[in-house]
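These figures come from a predicted structure and were not determined experimentally. Convention: sequence-line order gives letters A, B, ...; per-chain numbering from 1.
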Amino acid sequence: MRFKFIFTMIFIFSVFSACKKEKKEYLYTVKLMPTYGGNPIELNVYNYVTTQNDTFKITNLEMYVSDFKINGKALIESKENYLAHTAAQSNATSVDFKLEEAIPESYTFEWYHGFSPQQNVPNGIINNSFNNAMQWPDVLGGGYHFMKFEGRFLENGIEKAFAIHLGKNGNQVVFSKEISNNVAFIEFELDSLLKSKHSIDLKSLPGSIMENDSIQTLFKENVQKSVRIL
Amino acid sequence: MKRGIYFFFTTFLLSSCGLFSSEDDKPNDKPYSLEYPSFYPIPEIPSDNPLTEKGVELGRKLFNDPILSYNNTISCASCHQEQFNFSDDKIKSIGVDGKQTDVHSMTLTNVLYYKQLFWNGRVNSLEQQATLPIEHPNEMNQPIEQLIEKLKAKEEYVELFEIAFGENSINKTNISKALAQFQRTLISKGIARFDTFLSNRNPAIFSKEEFEGYRIFFSEKGDCFHCHGGELGTNFKFENNGLFSDISNKGLGAITGNKDSLGMFQVPSLRNISRSAPYMHDGRFSTLEEVIEHYNSGLKDSPTLHPKLKIKYDEGGMQLNPTEIQQLIAFLKTMDDPIQ
């Protein structure tokens with residue numbers, strides 16, 4: 001009889017053990033907001049003027065920030081350690097991470113505009129339809145577009161198009177910042193992208209930017225002064 | 001008595017953990033094993049319509065059955081034939097009573113990856129899409145209620161629906177679900193020569209002509225990849241590719257009411273492209289040469305023309321010479337699955 005009791009208790013214990021256990025999770029949020037003159041971007045409206053007096057509108061804006069680290073340690077060890085900003089989202093984009101460890105009270109947050117060399121390879125991030133369309137062809141170095149910034153501007157009243165596509169490992173920019181809460185809010189100032197170090201004249205941009213290393217470098221240097229954490 | 005208590009207590013615990021459940025009163029929901037190449041995007045399957053073996057089987061039968069049309073003459077497969085990349089070879093498809101559709105039949109290959117369906121994106125899921133051609137007056141012209149009655153009158157369908165979705169389950173929702181499930185299985189096989197390249201990223205797989213075409217396609221010379229890049233040859237978006245100068249009331253914009261999306265149509269996958277002719281939403285081009293010539297010299301400007309094409313337009317088009325056009329076509333054909 002005692003044997004049956006013990007057997008039953010072991011069985012019950014094993015059944016309970018098989019049931020899912022709740023794990024403690026800590027939420028961490030990364031937000032990205034592209035702005036122009038400190039305001040959220042408005043698509044398809046001739047709202048903007050460059051320092052070169054180009055009046056322009058933005059028709060598409062897509063970009064990545066990635067490889068998030070807290071005190072030098074990856075936020076998560078997976079292909080999902082990134083945040084994609086898509087054109088449909090004209091305000092802030094955010095991604096939540098569920099962490100197993102609590103966030104330190106004060107820490108250094110680190111990230112890439114674009115991708116690290118390790119991630120900037122074919123299938124370096126998860127292969128969903130958005131990421132699939134952001135691939136940077138192998139012929140041009142492989143990996144992903146870090147940014148697609150497209151629109152139209154007026155030249156003597158005539159509409160022309162621009163398509164600023166940035167990528168390549170040479171365009172990577174890493175940032176770090178001391179912060180003290182569980183939200184990293186990154187602001188990307190598009191107006192600075194067009195003027196922060198090099199003043200961009202949309203009229204003189206060539207049609208083929210992806211293959212032009214000097215223009216990629218020029219934008220990289222502007223990107224360095226276009227990003228801040230709020 | 002104690003034995004009874006032990007038994008009752010243990011059974012209660014097991015039930016609470018979900019280890020026991022009665023299968024007698026449930027449909028056969030054995031999951032369907034969806035196979036796709038490892039380097040393809042991860043498909044998103046809606047949680048309220050998971051693929052099951054019986055659901056896909058039912059969907060396949062419905063897809064191929066002319067019972068879907070009012071006069072039992074047209075099935076989905078009439079306009080979405082496997083030999084034509086699940087499209088057809090007509091400029092406009094022929095529906096019931098010889099009526100013509102408004103647009104060219106879209107290929108259904110890899111349709112599971114699209115978040116909006118039809119050339120103009122008028123629905124957001126395959127479940128929403130599935131019954132629209134059935135009721136469309138130029139396609140199958142059959143009210144769903146009438147189809148439901150016809151299906152209920154067929155013992156075979158009563159059984160198939162019961163197995164797939166449970167008792168008394170012939171209704172619009174489950175017709176849509178079954179058709180959607182089957183359509184999600186229409187994935188290119190991943191055995192094209194382009195797939196061999198994707199699996200090892202070694203362009204040595206290509207002939208010299210194909211390799212030159214590959215370089216045109218994936219460089220800013222051809223700049224095909226911005227809309228047709230990735231593993232499936234599409235960016236899954238809606239774009240204006242310069243077919244019209246007048247874009248009023250056309251494409252996605254006619255659905256959204258937003259002038260900024262006028263003239264935009266679904267970017268189709270280039271998988272099995274040589275079997276998908278004619279091309280474009282209106283089937284205006286009958287050969288790949290005509291398609292490339294459009295980008296070479298036939299682009300039309302309009303306010304929503306894709307920015308990369310607008311730049312090309314202002315530069316005078318793609319400007320490929322005849323040799324380069326043939327190289328590009330040779331590369332495009334590497335995206336065809338071999339016929340088995």
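Smallest separation of non-hydrogen atoms from B:Asp260 and A:Asn44: OD2-CB, 3.3 Å. Closest approach of A:Ser129 and B:Phe236 over heavy atoms only: CB-CD1, 3.4 Å. Closest of all the heavy-atom pairs between B:Phe39 and A:Asn127 is O-ND2, 2.9 Å. When all heavy atoms of A:Glu159 and B:Asp314 are compared, the closest pair comes out as O-OD2, 4.5 Å. The shortest non-hydrogen separation linking B:Pro41 to A:Asn128 is CB-C, 4.1 Å. Nearest heavy atom pair, residue A:Met210 against residue B:Glu220, reads N-OE1, 3.0 Å.
Considering only heavy-atom pairs separated by less than 4.5 Å from chain B, the leading option among A:His145, A:Lys160, A:Arg152, A:Met134 is A:Arg152. Chain B forms the most heavy-atom pairs under 4.5 Å with one residue out of A:Ala133, A:Pro137, A:Gly207, A:Ala163, and that residue is A:Pro137. By number of non-hydrogen pairs under 4.5 angstrom with chain A, the leading residue of B:Asp223, B:Leu305, B:Asp301 is B:Leu305. Considering only heavy-atom pairs separated by less than 4.5 Å from chain A, the leading option among B:Lys312, B:Lys237, B:Glu315, B:Lys115 is B:Lys237. Heavy-atom pairs under 4.5 Å with chain A were tallied for B:Gly230, B:Pro43, B:Cys227; the largest tally goes to B:Gly230. No other option in B:His226, B:His228, B:Glu44 has as many heavy-atom pairs under 4.5 Å with chain A as B:His226. Taking chain B as the reference chain and counting heavy-atom pairs below 4.5 Å, the highest number among A:Thr59, A:Ile209, A:Asn60 is found for A:Ile209.
For B:Leu198, no part lies under 4.5 angstrom from a heavy atom of chain A. With a 4.5 Å cut-off on non-hydrogen atoms, B:Glu231 touches chain A through its backbone and its side chain both. Proximity to chain B is absent for every atom of A:Phe130, based on heavy atoms less than 4.5 angstrom apart. When heavy atoms are compared at a cutoff of 4.5 Å, B:Asn258 does not approach chain A at all. Both the backbone and the side chain of B:Phe218 come within contact range of chain A, each with at least one heavy atom under 4.5 Å from a heavy atom of that chain. Looking at B:Tyr40, only its backbone comes within 4.5 Å of chain A, counting heavy atoms on both sides. In this structure, no portion of A:Asn131 lies under 4.5 Å from any heavy atom of chain B. Heavy-atom distances place no part of B:Phe211 under 4.5 Å from chain A, backbone and side chain included.
A salt bridge links A:Asp138 to B:Arg201: one of the charged nitrogens lies within less than 4.0 Å of a carboxylate oxygen.
Counting non-hydrogen atoms of neighbouring residues, nucleotides and ligands closer than 6.0 angstrom, the NZ atom of A:Lys225 reaches no more than 12 such neighbours. Within a 6.0 Å sphere centred on NZ of A:Lys203, heavy atoms belonging to other residues, nucleotides or ligands number more than 12. Surrounding NZ of B:Lys250 are more than 12 heavy atoms belonging to other residues, nucleotides or ligands, all under 6.0 Å away.
Counting heavy atoms from C-beta outward, A:Val139 and B:Lys221 have side chains that stay 4.5 Å or more apart. Looking at A:Lys148 and B:Lys308, their side chains never come closer than 4.5 Å, going by heavy atoms from C-beta outward.
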